[in-house]
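Data block below; observations after.
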Number of protein chains: 2
Amino acid sequence: MNPDIDTRSRILATAREMFHGRSYADVGIQEICDGARVQKGSFYHFFPSKRDLAMAVIDDMAGDWAHGFVAEAFDRNLLPVERLDYMIDAAYYWQKAAKDIEGRMPGCLFGNLALEISTRDDVMRAKLNAVFDKAKDKFRITLDEAVLARALPAMDTEATATAMLAYLEGIILLAKSRNDPDVILRLGPAIKTLRIELKH
Amino acid sequence: MNPDIDTRSRILATAREMFHGRSYADVGIQEICDGARVQKGSFYHFFPSKRDLAMAVIDDMAGDWAHGFVAEAFDRNLLPVERLDYMIDAAYYWQKAAKDIEGRMPGCLFGNLALEISTRDDVMRAKLNAVFDKAKDKFRITLDEAVLARALPAMDTEATATAMLAYLEGIILLAKSRNDPDVILRLGPAIKTLRIELKH
DNA sequence: ATGATAATAGACCGGTCGGTCAAGTCAAGG
DNA sequence: CCTTGACTTGACCGACCGGTCTATTATCAT
């Protein structure tokens with residue numbers, strides 16, 4: 001195993017977990033180094049700054065996310081409605097598992113970072129927007145398909161997809177605040193009731 | 001004018017603005033003191049710790065909020081649907097005004113703080129939950145009234161009200177990430193399409 | 001006027017922050 | 001064997017963190 005990649009990915013994984021469970025500002029580089037069993041010098045060999053590390057963490061998580069349960073949820077073999085249900089379920093089980101282990105619901109890393117730093121760092125904000133955009137597109141494609149198959153009436157699929165993403169982030173926010181993953185289960189299914197009409 | 005209250009409220013107002021526009025961790029006490037033209041000794045005369053200040057800020061904002069546009073939006077003389085529209089409009093204009101002045105959308109202070117600290121401070125988390133609960137109750141009362149007047153079909157008003165609050169927080173989150181208040185205007189009206197049926 | 005108390009001033013504390021740097025280890029290529 | 005360059009080590013930096021402390025000033029009831 002290449003020790004370069006190993007060290008780098010160890011830093012990345014540790015930082016990701018810590019940023020997700022706490023916050024960007026609350027986690028120090030020394031703490032990340034301790035957690036990853038790495039010295040400061042090695043850290044700065046791989047990452048020019050804490051900020052660059054955070055951006056790498058976003059990329060890393062976005063990659064895992066896109067190839068993980070988002071890919072599963074938006075499987076084209078599933079019916080559109082099933083995809084939405086799958087997405088909600090996946091969010092629930094993920095948060096539930098995290099809470100069972102850590103005792104706390106970490107929420108959505110992207111949402112957390114967006115609220116913490118988007119007023120101070122336009123580059124990271126743009127990065128997070130790209131992630132949100134990708135997720136929105138998954139919703140939109142699903143809706144387009146459903147409309148085309150006459151499973152749903154005509155609507156503004158772009159706006160409705162964005163609304164669904166917002167709702168998903170909103171229920172995760174509220175669930176995190178209550179530290180109760182069940183909130184996702186109870187509120188989640190209503191994502192299917194959201195609809196924004198085409199403007200005419 | 002009583003100098004006690006004046007100093008205290010100056011600290012409070014400065015901290016509130018800074019916490020809202022940036023984050024809890026990113027704003028230091030020295031910076032707050034400078035902004036409020038107060039010395040550190042005075043600060044610690046009025047607030048035992050930064051954490052206590054933050055809790056006072058939450059109370060302060062919650063008070064202004066409840067007696068301000070939330071009270072206006074949920075005016076019982078308005079039709080239920082009008083109240084929801086008013087709430088969305090108010091959120092939009094507030095964020096728009098803030099962006100026009102500061103260049104950045106601060107988002108919702110409660111949502112921001114909830115995501116930043118609810119994994120680390122259960123007392124503050126409870127305080128934020130209380131604020132969210134009050135907002136949810138405003139929605140629920142509105143829905144109950146609408147259902148009673150046969151303006152809306154029977155539904156789980158408690159769950160739907162929570163869903164509406166989540167959606168509101170979600171669109172503010174997304175709008176903040178895009179630094180674009182218009183997102184609130186475009187997605188907001190769909191809050192009226194949310195519905196969670198009574199379980200039977 | 002005096003004594004008690006509230007408020008202000010600002011130096012100071014240990015600790016931690018993100019980040020730098022010189023010195024060294026080590027494996028691959030010539 | 002020697003050089004090169006990626007990687008690691010850990011001491012070190014100034015700045016700033018939240019918070020403490022002593023001294024001083026302003027306010028007020030007696």
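Note that the coordinates shown come from a computational prediction; the quantities given were computed from them, not determined experimentally. Residue numbers begin at 1 in each chain, while the letters A, B, ... track the order of the sequences.
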[X] has an atom [atom1]; how far is it from atom [atom2] of [N], in whole Å?
X      : N       : atom1 : atom2 : value
D6(B)  : dT27(D) : CG    : C1'   : 16 Å
F43(B) : dT20(D) : CZ    : P     : 11 Å
I11(A) : dT8(D)  : CD1   : C1'   : 11 Å
H45(A) : dC26(C) : NE2   : C1'   : 13 Å
I32(B) : dG19(D) : CD1   : C1'   : 13 Å
D34(B) : dC16(D) : CG    : C1'   : 12 Å
Q39(A) : dT25(C) : CD    : C1'   : 14 Å

Do the ring planes of [X] and [Y] sit parallel (below 30°), tilted (30 to 60°) or perpendicular (above 60°)?
X      : Y      : result
W65(B) : F69(B) : perpendicular
W94(B) : H20(B) : tilted
F19(A) : Y24(A) : tilted

List the steps, then state whether salt bridge (charged side-chain N to carboxylate O under 4.0 Å, His left out) holds for D156(A) with K199(A). CA-CA 8 Å; D156(A) 187 337; K199(A) 51 189 132 192; 5.3 Å; no
Consider the side chain of F46(A), meaning its heavy atoms from C-beta on, and name the nucleotide among dT8(D), dT8(C), dG10(D) that approaches it most closely.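 Closest nucleotide among those given: dT8(D).
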Does OP1 or OP2 of dA7(C) have a side-chain N or O of T7(B) closer than 4.0 Å?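 The answer is no; no side-chain N or O of T7(B) sits under 4.0 Å from OP1 or OP2.
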Flag, side chain of N112(B) to backbone of E116(A), donor-acceptor distance under 3.5 Å: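 Not confirmed, N112(B) side chain does not pair with E116(A) backbone.
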Please give me every residue in residues 117-125 of chain B whose heavy atoms get under 4.0 Å of an atom in DNA chain D, ordered by residue number.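 By residue number: none to list.
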Before accepting this row, confirm whether a basic side-chain N of the pair K96(B)/D180(B) lies closer than 4.0 Å to the acidic partner's carboxylate O.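 Looking at K96(B) and D180(B), the cut-off is not met.
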In terms of side-chain geometry, is the basic nitrogen of D137(A) or K134(A) positioned less than 4.0 Å from the acidic oxygen of its partner?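 A salt bridge is absent here (no side-chain N lies under 4.0 Å from a carboxylate O).
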Please find the pair of heavy atoms, one from L194(A) and one from A163(A), that lie closest to each other, and give the distance.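 Between these two residues, the closest heavy atoms are CD1-O, 3.7 Å.
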D34(A) side chain to Q30(A) side chain, donor-acceptor N/O pair below 3.5 angstrom: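 The answer is yes; a qualifying pair exists.
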Table of protein N/O atoms under 3.5 Å from nucleotides 16-18 of chain C N/O atoms:
from	atom 1	to	atom 2	distance (Å)
dG18(C)	OP1	K50(A)	NZ	2.7
dG18(C)	OP2	I29(A)	N	2.8

